[in-house]
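Please read all numbers here as calculations on a predicted model, not as lab measurements.
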Protein chains: 2
Amino acid sequence: MPNSSMHRRRVTREQILDAAWGLAREQGLTGWTMRELADAVGLRAPSLYVHFASKYEIYDAMFADGYRTLLAQAEAIELPEDPRAAARTAAQTFVQFAVADEARLNLLFLRVIPGFEPTAASYTLAERVYAQGAEILARAGLTEPADIDLWTAVLSGLATQQVSNDPGGDRWINLVDRAVDLLLDDRRVSPVAEALEAAGNREAPGT
Amino acid sequence: MPNSSMHRRRVTREQILDAAWGLAREQGLTGWTMRELADAVGLRAPSLYVHFASKYEIYDAMFADGYRTLLAQAEAIELPEDPRAAARTAAQTFVQFAVADEARLNLLFLRVIPGFEPTAASYTLAERVYAQGAEILARAGLTEPADIDLWTAVLSGLATQQVSNDPGGDRWINLVDRAVDLLLDDRRVSPVAEALEAAGNREAPGT
DNA sequence: GTCTATAAATGGATAGAC
DNA sequence: GTCTATCCATTTATAGAC
């Protein structure tokens, strides 16, 4: 049994990234060092520089990795036909993803690391997530840029409050569906007019 | 003219804190060192330890200072009589405060510094802010804890998106009033029922 | 209360052998 | 690709003179 070769498998970028995620989860997004990271994958610190030119480059790879995970998760979900139900599901998926890992939330959705800016290539992934969300919203009737901005603010706000003020709980997660309905019902004319119209039609059908 | 004595005034905690805020704004909340801070107030690093036992203690003082500033700002504002207008004004005040200083936003409203936890005394100030907000919301008809949670999520989300994705701009700030209206109109029975009721009363007044 | 001097550890990163 | 050795800057924090 070539035991040693089984244990001495390739130490790929992916393994380093996985370890980095683990450390970030345990000690905070910026709370780990290159030495700790190397230890976590059974290497010495200098060996990391064979795979990544700098710590910032690792953050950038994590940034891209996080958005790739989100995109994969989004594709795996099959959305209901009903646009509102689809928006709810998408929102739930997003918030669950965001609160599942506070370090990841900080890296992907906040600007927390002084001086870190994702590369253009990595940022493209973020834009794809955004575009996909906008598409789902469009099907639900929200096409105005301001509507989409409000949507992103509300969802990111829910996720942030959840991890900041009730970590591990569900106090803000439980508000997601309600928030979605709120946002989808917000059209200038909106349910009031719709309801009045329906009521009017019912009582004066033949005009 | 005792010039030297004019320049060599007391280096108080407040001056150190002011300098710390300045560095945090310029280089990020965690992007400064004790040496830099000392330089900024014309001291040597060791002298800082006369006033603060550690860097964390400085963060804690900044945390308290930030919430004290917010409380003072909230008291200085005179709110309109109309509850909805008051809620709008309060929301505007809060978001303006939050986006005015990204480092402060990170310290006061997010969990960004690994290992930092405000002391109980400092946290009390944060709770006073929360209580004050809840009071304003109560006057506008929002008393459910879930309503208040949603409120805090939306406002913090707007502020966070503003500084993260449009620093210095007003893309999310402009959505504050709309968000407030959205939240205040969200009662289970709410405008739809109200409007229907009104319509019903108009057409069948004498029941 | 502020200083000089320095501890004592830690940081990211490089050189060069294997 | 990984290692040892180490650089070199930087960090928070302390000791003790003034």
Side-chain angles (χ1 to χ4, degrees), chain A residues 2-24 26-63 103 107 112-119, chain B residues 2-21 23-24 26-63 103 107 112-117 119:
Chain A
N3 194 318
S4 76
S5 82
M6 287 182 61
H7 282 266
R8 207 167 308 287
R9 52 315 82 146
R10 63 204 164 107
V11 177
T12 61
R13 282 174 60 104
E14 286 80 51
Q15 286 180 24
I16 294 172
L17 284 184
D18 283 350
W21 280 121
L23 287 170
E26 289 163 20
Q27 307 176 15
L29 179 59
T30 61
W32 51 272
T33 69
M34 295 295 273
R35 281 179 170 83
E36 286 175 303
L37 176 57
D39 282 351
V41 292
L43 288 180
R44 301 290 150 181
S47 302
L48 296 176
Y49 291 86
V50 173
H51 304 280
F52 298 94
S54 69
K55 195 178 184 181
Y56 277 68
E57 203 171 274
I58 294 178
Y59 281 129
D60 188 58
M62 292 170 76
F63 183 93
L107 179 61
V112 151
I113 304 174
F116 170 68
E117 206 73 53
T119 58
Chain B
N3 195 317
S4 76
S5 82
M6 287 181 60
H7 282 267
R8 207 168 305 287
R9 63 295 98 142
R10 67 208 159 103
V11 176
T12 60
R13 283 174 59 103
E14 286 82 51
Q15 286 180 24
I16 294 172
L17 285 183
D18 282 350
W21 280 120
L23 287 170
E26 290 164 19
Q27 307 176 15
L29 180 58
T30 60
W32 51 271
T33 69
M34 295 296 270
R35 277 196 232 280
E36 287 175 303
L37 176 58
D39 283 351
V41 292
L43 288 180
R44 301 291 149 180
S47 302
L48 296 177
Y49 290 87
V50 173
H51 304 279
F52 297 94
S54 69
K55 195 178 184 181
Y56 277 67
E57 204 171 273
I58 295 179
Y59 281 130
D60 189 58
M62 292 171 76
F63 183 93
L107 179 61
V112 151
I113 304 175
F116 170 68
E117 206 72 54
T119 59

What string of B, S and - do you get for nucleotides 11-18 of chain C, 5' to 3', if B is base contact, S is sugar-phosphate-only contact and - is no contact with any protein heavy atom under 4.0 Å?
BBBBB---

Can you name the nearest heavy-atom pair linking [X] to [Y], along with the distance?
X	Y	answer
S54(B)	Y49(B)	CA-CE2, 4.3 Å
E57(B)	F52(B)	OE2-CA, 3.6 Å
Y56(A)	P114(A)	OH-O, 3.0 Å

Could you check which of dT2(C), dT4(C), dC3(D) has an atom nearest any side-chain atom of H51(B)?
dT2(C)

Atom pair distance, as rounded to whole Å: [atom1] in [X] and [atom2] in [N]:
X	N	atom1	atom2	result
L48(A)	dG1(D)	CG	P	13 Å
D39(A)	dT4(D)	CG	P	11 Å
R44(B)	dT11(D)	CZ	P	15 Å
L43(B)	dT12(D)	CG	P	16 Å

Separation of M62(B) CE from I113(B) CD1 (nearest 0.5 Å):
7.5 Å

Do I58(A) and L17(A) have side-chain heavy atoms sitting under 4.5 Å apart?
yes

Taking the side chain as C-beta and beyond, is there a heavy-atom pair between F116(A) and L107(A) under 4.5 Å?
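F116(A) vs L107(A): side chains touch.
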
Tell me whether the side-chain N/O atoms of S47(B) come closer than 4.0 Å to OP1 or OP2 in dC3(C).
yes

Taking atom C1' in both dT6(D) and dT10(C), what distance in whole Å separates the two?
14 Å

Which pairs of donor and acceptor atoms, one on a side chain in residues 31-40 of chain A, lie under 3.5 Å apart (sequence neighbours left out)?
residue, atom, partner, partner atom, Å
W32(A), NE1, L29(A), O, 2.8
T33(A), OG1, R35(A), N, 3.4
T33(A), OG1, E36(A), N, 3.1
E36(A), OE1, T33(A), N, 2.9

Stems involving DNA chain C, each a run of at least 3 consecutive Watson-Crick or G-U pairs under 3.5 Å
C:1-10 with D:9-18, C:12-18 with D:1-7

